**Student:** 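Provided herewith is a single structure, encoded as structure tokens, for subsequent inquiry.
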Amino acid sequence: MHRTRLHGKTPDGAPGAITHAFAYELFSAVTFTGRRSRIWGRLVELADVAAGDEVLDVGCGPGFLTALAARAASPGGRALGVDVSEPMVAQAQRTRASAGCSFQLGKAEALDLADASFDVVLSSLAVHHIPVAARAAAFAEMFRVLRPGGRVLIADFLPPRGRLARHLVGTVAGETMRDNPVERIAPMLGDAGFAVRSTTKVSWFLHCVRADKPGGTG
Ligand SMILES: C[S@@+](CC[C@H](N)C(=O)[O-])C[C@H]1O[C@@H](n2cnc3c(N)ncnc32)[C@H](O)[C@@H]1O
């Protein structure tokens, strides 16, 4: 069992899980007040989510992005959020589940989902939570579950600048936050087989990479 001040006690085998689900929801709503819909909505736009798409949100937390994606995929599509934390999945189910929006427990690096079953994979603020040694497996899983021609969009915090900032962030949020790999996301997506299309600074704190799985008819 690990514990950090911000994220709570984490189960064995999932050191990056956030178990303070309600506190995280509150923290995120307050920190990003008024900007949450605009910034996370921009991620949905950058991934070109359209009506009829089947969308997977990896490390969905309380499901804010999943719900926005479900709305963009409607009518005819759906969004599924997976997270390794039971309290997060419960919070998402309680507050954001709907006919086209569902949630289940799952590990990014070992998804219990069929090959080629999604058009879009999204992931926001979650990669830095996945243990470093499991990140390549997580990108390989995203590749596996996408249909040929499918899109992936990974967004993560820009890393804290300087040793002191990294130390403070690590003390509050735990070791995983210290190794925040935004500059490694694009090369890792390339290693998993994706063609990287663009990198975008969505706001002062958020960077995202859009990539496509080769193939398809588009
Ligand atoms: C900072 S939150 C981001 C939540 C949400 N995507 C957002 O943008 O607000 C990171 C989430 O990743 C989840 N997580 C950590 N390790 C994971 C793993 N190996 N597989 C799936 N989810 C994971 C945590 O439980 C947490 O809910």
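Each ligand, and each atom within it, is numbered from 1 in the order the structure gives. Note that the structure is a prediction, hence the values are computed from the model and not measured.
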**Student:** Would Ser123 count as a contact residue for ligand 1, given that I'm defining contact as a non-hydrogen atom of the residue lying under 4.0 Å from a ligand atom?
**Tutor:** no
**Student:** Salt bridge between Asp112 and Lys107, side-chain N to carboxylate O under 4.0 Å?
**Tutor:** no
**Student:** Does Asp83 reach ligand 1 with a nitrogen or oxygen that is under 3.5 Å from one of the ligand's nitrogen or oxygen atoms?
**Tutor:** yes
**Student:** Hey, which atoms in ligand 1 end up nearer than 4.0 Å to a heavy atom of Ala108?
**Tutor:** 18 (C), 20 (N), 21 (C)
**Student:** Report yes if the side chains of Lys201 and His207 come closer than 4.5 Å at any heavy-atom pair, otherwise no.
**Tutor:** no
**Student:** Cationic tip of Lys213 within the cone over Phe143's six-membered ring, i.e. under 6.0 Å and within 45° of the normal?
**Tutor:** yes
**Student:** Checking the N or O distance criterion of under 3.5 Å, is ligand 1 in contact with His128?
**Tutor:** no
**Student:** Tell me whether Glu25 is salt-bridged to Arg96, with the criterion being a basic N under 4.0 Å from an acidic carboxylate O.
**Tutor:** yes
**Student:** Enumerate the atoms of ligand 1 whose separation from the nearest heavy atom of Ser124 is less than 4.0 angstrom.
**Tutor:** 3 (C), 5 (C), 6 (N), 7 (C), 8 (O)
**Student:** Any idea which atoms of ligand 1 are less than 4.0 Å away from a heavy-atom of Ser85?
**Tutor:** 25 (O)
**Student:** Need the ligand 1 atom indices (1-based, order shown) with element for anything under 4.0 Å from a heavy-atom of Met88.
**Tutor:** 27 (O)
**Student:** Find out if a path of hydrophobic residues (ILVMFWY) with successive side-chain heavy-atom gaps under 4.5 Å connects Val82 to Phe103.
**Tutor:** no
**Student:** Is the shortest side-chain heavy-atom distance between Val196 and Val209 below 4.5 Å?
**Tutor:** yes
**Student:** Report yes if Ile130 has an N/O atom closer than 3.5 Å to an N/O atom of ligand 1; otherwise report no.
**Tutor:** no
**Student:** Which atoms of ligand 1 sit under 4.0 Å from any heavy atom of Trp40?
**Tutor:** 8 (O)
**Student:** Check Phe64 against ligand 1 and report side chain, backbone, both or neither, counting heavy atoms closer than 4.0 Å.
**Tutor:** neither
**Student:** Pairs of nitrogen or oxygen atoms closer than 3.5 Å, one from Gly59 and one from ligand 1: do any exist?
**Tutor:** yes
**Student:** May I ask you to list the atoms of ligand 1 that are less than 4.0 angstrom from any heavy atom of Gly106?
**Tutor:** 20 (N), 21 (C)
**Student:** Within less than 4.0 angstrom of ligand 1, does Leu65 place any heavy atom?
**Tutor:** no
**Student:** Would Glu109 count as being in polar contact with ligand 1, using the rule that some N or O on each side must be under 3.5 angstrom apart?
**Tutor:** yes
**Student:** Taking only heavy atoms of Lys107, which atoms of ligand 1 are found under 4.0 Å from at least one of them?
**Tutor:** 20 (N)
**Student:** Does the N or O separation between Pro131 and ligand 1 drop below 3.5 Å for any pair?
**Tutor:** no
**Student:** Quick one, Val121 and Val145 - any side-chain contact, counting heavy atoms below 4.5 Å?
**Tutor:** yes
**Student:** Going by the closest heavy atom to atom 14 (N) of ligand 1, which one wins out of Ile18, Val89, Val84?
**Tutor:** Val84
**Student:** Should you measure from each heavy atom of Gly61, which atoms of ligand 1 turn up under 4.0 Å away?
**Tutor:** 4 (C), 27 (O)
**Student:** Tell me whether the rings of Phe64 and Trp40 are parallel (<30°), tilted (30 to 60°) or perpendicular (>60°).
**Tutor:** perpendicular
**Student:** Ion pair present between Asp212 and Arg197, side-chain N to carboxylate O less than 4.0 angstrom?
**Tutor:** yes
**Student:** Using a strict 4.0 Å threshold on nitrogen-to-oxygen distance, state whether Glu54 and Arg147 make a salt bridge.
**Tutor:** yes
**Student:** Starting from Leu43, can I reach Leu68 by hopping between I/L/V/M/F/W/Y residues whose side chains sit under 4.5 Å apart?
**Tutor:** yes
